[in-house]
Amino acid sequence: MSKISEARQNYKPRTTTVTVCLDTEVAEQRDVLLTKLAEARQAQEKAGARLTQKSPVAKLQAELLELEEREREHMHVLRFTKLDGLEWVNITAEHPARPGSADDQSLGYNNHASSIAAAKVNGVEIVDGEKNPVELDDDDWATILEVGSGWDVENIVTAVMNLNVLRSARKVARLKKD
């Protein structure tokens, strides 16, 4: 058995998780509550009033805590797994580099489109622990890409790029001896 074949014996593809927040109305409600809370604090300071359980500030703080619990319902943990090398290469071949994108030009493919396409291949949602991940369908992905923020989408792209390209590239660069 060659040394290359030995690499497969204990191979388990790497995984990583990304948490995305997919809410619309709760975020708006939070903004309204924060504004009301700031106004109530300012009024309380002007009046020299003390904070009591019945004060407007205390009531708004309680509402904010309640809202935060509802916000947690909009948090979704997604797990991605490194693809087989050939599968990754085939995906990148389908997404040519964007003109004017230095990153794409250096990689030779559209890293955002390739990473999202790869994420769709094996991305799952972790619900109630790791034992029963839920596969994501096209509708789930449409929702993630529409409702998720640019921050959420960029975190997915970065996670998938790390799994399929960057970790290996950094390791080879670090260990390479000329």
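It should be emphasised that the depicted structure is a prediction, and the values quoted were computed from it without experimental measurement.
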Please report the closest heavy-atom contact between [X] and [Y], naming both atoms and the distance.
| X | Y | result |
| --- | --- | --- |
| Leu163 | Arg14 | O-NH2, 2.8 Å |
| Val57 | Arg41 | CG2-N, 3.6 Å |
| Asp140 | Glu135 | OD2-O, 3.9 Å |
| Trp88 | Ala118 | CZ3-CB, 3.6 Å |

Are more than 12 heavy atoms from other residues, nucleotides or ligands located less than 6.0 Å from atom [atom1] of [X]?
| X | atom1 | result |
| --- | --- | --- |
| Glu94 | CD | yes |
| Asp137 | CG | yes |
| Asp128 | CG | no |

Going from [atom1] on [X] to [atom2] on [Y], what distance comes out if it is rounded to the nearest 0.5 angstrom?
| X | Y | atom1 | atom2 | answer |
| --- | --- | --- | --- | --- |
| Thr92 | Asn90 | OG1 | CG | 7.5 Å |
| Asn122 | Glu87 | CG | CD | 7.5 Å |
| Thr158 | Met161 | OG1 | CE | 8.5 Å |
| Leu64 | Lys36 | CG | NZ | 12.0 Å |
| Ile91 | Tyr109 | CD1 | OH | 10.5 Å |
| Leu83 | Asn164 | CG | CG | 4.5 Å |

[options] screened by side-chain contact (heavy atoms from CB on, under 4.5 Å) with [X], the one that passes:
| X | options | result |
| --- | --- | --- |
| Ile144 | Leu22, Ile116, Asp152, Asp139 | Leu22 |
| Phe80 | Asn162, Thr15, Val124, Val160 | Val160 |
| Leu78 | Ile126, Thr17, Ile156 | Ile156 |

Checking the side chain of [X] only, and the main-chain atoms of [Y] only, is there a donor and an acceptor separated by less than 3.5 Å?
| X | Y | answer |
| --- | --- | --- |
| Asp104 | Pro96 | no |
| Gln105 | Arg98 | yes |
| Ser106 | Asp103 | yes |

Hey, any chance [X] and [Y] share a hydrophobic cluster, counting ILVMFWY side chains that come within less than 4.5 Å of each other, even indirectly?
| X | Y | result |
| --- | --- | --- |
| Val77 | Val157 | no |
| Val134 | Val20 | no |
| Val18 | Val121 | yes |
| Leu145 | Leu136 | yes |

